[in-house]
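Within every chain, numbering begins at 1; the chains are lettered A, B, ... in the order of the sequence lines, protein sequences first and strands thereafter.
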Number of protein chains: 2
Amino acid sequence: MKRPYHHGDLPAALLRAAGEILRSEGLPALTLRAVARRAGVSHMAPAPHFGDLSGLLSELAAIGYGLFNDTLRQAQDHPGHRSVPTATAHAYVAFARTEPAMFLLMFRSERLDFGRPALAAAAAEATRLLMRSLPANASKPDVPSPATLGRAVGQWSVVHGFAMLLIDGRLDGILAAPECDGDVDRLLDLALAS
Amino acid sequence: MKRPYHHGDLPAALLRAAGEILRSEGLPALTLRAVARRAGVSHMAPAPHFGDLSGLLSELAAIGYGLFNDTLRQAQDHPGHRSVPTATAHAYVAFARTEPAMFLLMFRSERLDFGRPALAAAAAEATRLLMRSLPANASKPDVPSPATLGRAVGQWSVVHGFAMLLIDGRLDGILAAPECDGDVDRLLDLALAS
DNA sequence: ACGCCTATCTATACGATGTATAGAACGGAG
DNA sequence: CTCCGTTCTATACATCGTATAGATAGGCGT
């Protein structure tokens with residue numbers, strides 16, 4: 001049962017290990033050496049595939065954006081009883097709640113390299129999906145009116161800020177209030193209604 | 001010109017050095033050893049005063065919240081041509097733009113210890129100021145109506161999300177568009193108008 | 001005035017991390 | 001079959017946070 005010298009598909013195995021560590025132990029535990037340990041290789045094995053740490057984190061974040069985009073797409077295709085923008089907002093917050101560490105990794109650009117094609121494409125697709133959920137400018141869809149632009153940025157900002165504050169525990173006190181009774185979706189609806 | 005063995009007021013000197021490093025070199029450069037180096041003491045000198053790293057970061061964040069609260073207060077007392085909530089929003093974003101590293105430190109609770117009285121008090125005062133900028137519930141100011149609660153959380157979320165996305169560079173593409181022409185305040189006004 | 005006691009600061013050590021480098025093992029091209 | 005580049009290992013180094021032990025100084029009781 002000796003592992004062969006060449007792994008076969010080490011990049012995929014490393015990304016899988018990184019994802020597991022990120023989910024189970026959080027962002028601070030996501031180190032290069034820990035990933036290599038979990039994948040059962042030496043701590044310098046990732047180098048030929050990902051370069052340095054930011055390389056691995058960026059590829060992992062690209063995968064995260066892929067899942068994120070899937071979530072947004074599904075919410076927009078099947079908004080249920082909600083409007084499309086509201087459904088998108090709930091999907092956004094739900095992703096941040098389900099995968100908080102991944103969400104933080106994705107929106108913490110300091111350790112990420114957006115020069116990587118995979119990450120750049122996935123992140124661009126995410127913003128495209130977020131902008132799509134808004135009523136387009138009829139005359140020229142490529143050049144949105146200031147009002148449309150403001151609505152897009154405003155919508156994104158509310159949802160992103162809500163998710164960030166929520167993950168950071170800043171809304172815990174408010175969530176405990178009897179008005180929402182710990183119901184995050186209800187509080188989000190209240191916030192969106194303003 | 002030999003420095004005495006006992007510094008005199010090492011805690012203040014360390015916090016000053018930490019603030020300088022944070023401003024000039026950013027959050028990742030803010031290490032315990034770097035702070036001690038800049039203050040001219042051994043790297044274990046901070047321990048008796050701040051305990052571990054999170055202690056020093058928390059006290060520095062408390063100072064940051066103090067400046068932040070001053071900014072908010074001044075905007076609310078002298079809103080100028082803007083409404084009080086809008087002036088508060090602009091002050092919020094202006095602080096994040098002027099001191100991005102400090103802003104990130106303050107809203108990155110993972111390395112902070114909110115058990116520290118100074119930090120807990122300063123952060124609580126910040127949320128109080130943010131909630132104050134909204135029309136209070138006339139009948140029972142302590143128990144806000146759901147609509148008021150929603151408006152408070154919504155307002156905070158937009159502004160926080162806008163600031164976070166801005167600092168992270170996520171709005172750079174939109175800012176370059178001709179509608180706002182790089183004017184952050186204008187884009188914020190558009191976002192708030194939605 | 002004197003001696004101890006505690007807080008403060010230094011020196012040293014240890015494990016962990018990211019990265020650079022050199023060398024070993026493999027796989028495919030000629 | 002040989003060579004060569006890719007992949008992986010082994011080792012080394014600087015840096016970080018922290019634990020521990022020892023040096024220094026200021027304050028307090030006597």
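Residue A:Arg111 places none of its side-chain N or O atoms closer than 4.0 Å to OP1 or OP2 of C:dG18. In this structure, A:Ser42 does not reach the D:dA10 phosphate: none of its side-chain N or O atoms is under 4.0 Å from OP1 or OP2.
Spacing between atom CD of A:Glu110 and atom P of C:dG18 amounts to 15 Å, rounded to whole angstrom units. Note: CG (B:Asp9) to C1' (C:dC9) measures 15 Å, nearest angstrom. B:Arg37 has its CZ atom 14 Å from the P atom of C:dT10, to the nearest Å. Look at CZ on A:Phe50: it is 17 Å from C1' on C:dT19, rounded to the nearest Å. Between the C1' atom of C:dA25 and the CG atom of A:Leu10 lies a distance of 15 Å, rounded to the nearest Å. Between the P atom of C:dT17 and the CG atom of B:Leu32 lies a distance of 18 Å, rounded to the nearest Å. Summarising the geometry, the separation between CG on A:Leu53 and P on D:dT15 is reported as 19 Å, rounded to the nearest angstrom.
With D:dA10, C:dA13, C:dC9 as the candidates, the nucleotide lying closest to the side chain of B:Ala45 is C:dC9. Nearest nucleotide to the side chain of B:Arg33, out of D:dA12, D:dC8, D:dC16: D:dC16. Listed nucleotides: D:dT9, C:dT10, D:dT18. Nearest to the side chain of A:Val41: D:dT9. For A:Met44, counting side-chain heavy atoms from C-beta on, the closest listed nucleotide (D:dC16, D:dA19, D:dA10) is D:dA10. In this structure, the nucleotide among C:dC9, D:dG17, C:dG18 sitting nearest to the side chain of B:His49 is C:dC9.
A donor-acceptor pair is defined here as one N or O able to donate and one able to accept, closer than 3.5 Å; such a pair exists between the side chain of B:Asp168 and the backbone of A:Ser109. Of the possible polar contacts, none joining the A:Glu125 side chain to the A:Asn69 backbone as a donor-acceptor pair under 3.5 Å is found.
Note: A:His160 and A:Phe103 meet the aromatic proximity criterion, with ring centroids under 6.0 Å apart.
The CG atom of A:Leu166 sits 8.5 Å away from the CG atom of A:Leu187 when rounded to the nearest 0.5 Å.
Using a 4.0 Å cut-off between a side-chain N of Lys or Arg and a carboxylate O of Asp or Glu, A:Arg186 and A:Asp189 do not qualify as a salt bridge.
For the pair A:His43 and A:Pro48, nearest-nucleotide mapping onto DNA chain D gives the more 5' position to A:Pro48.
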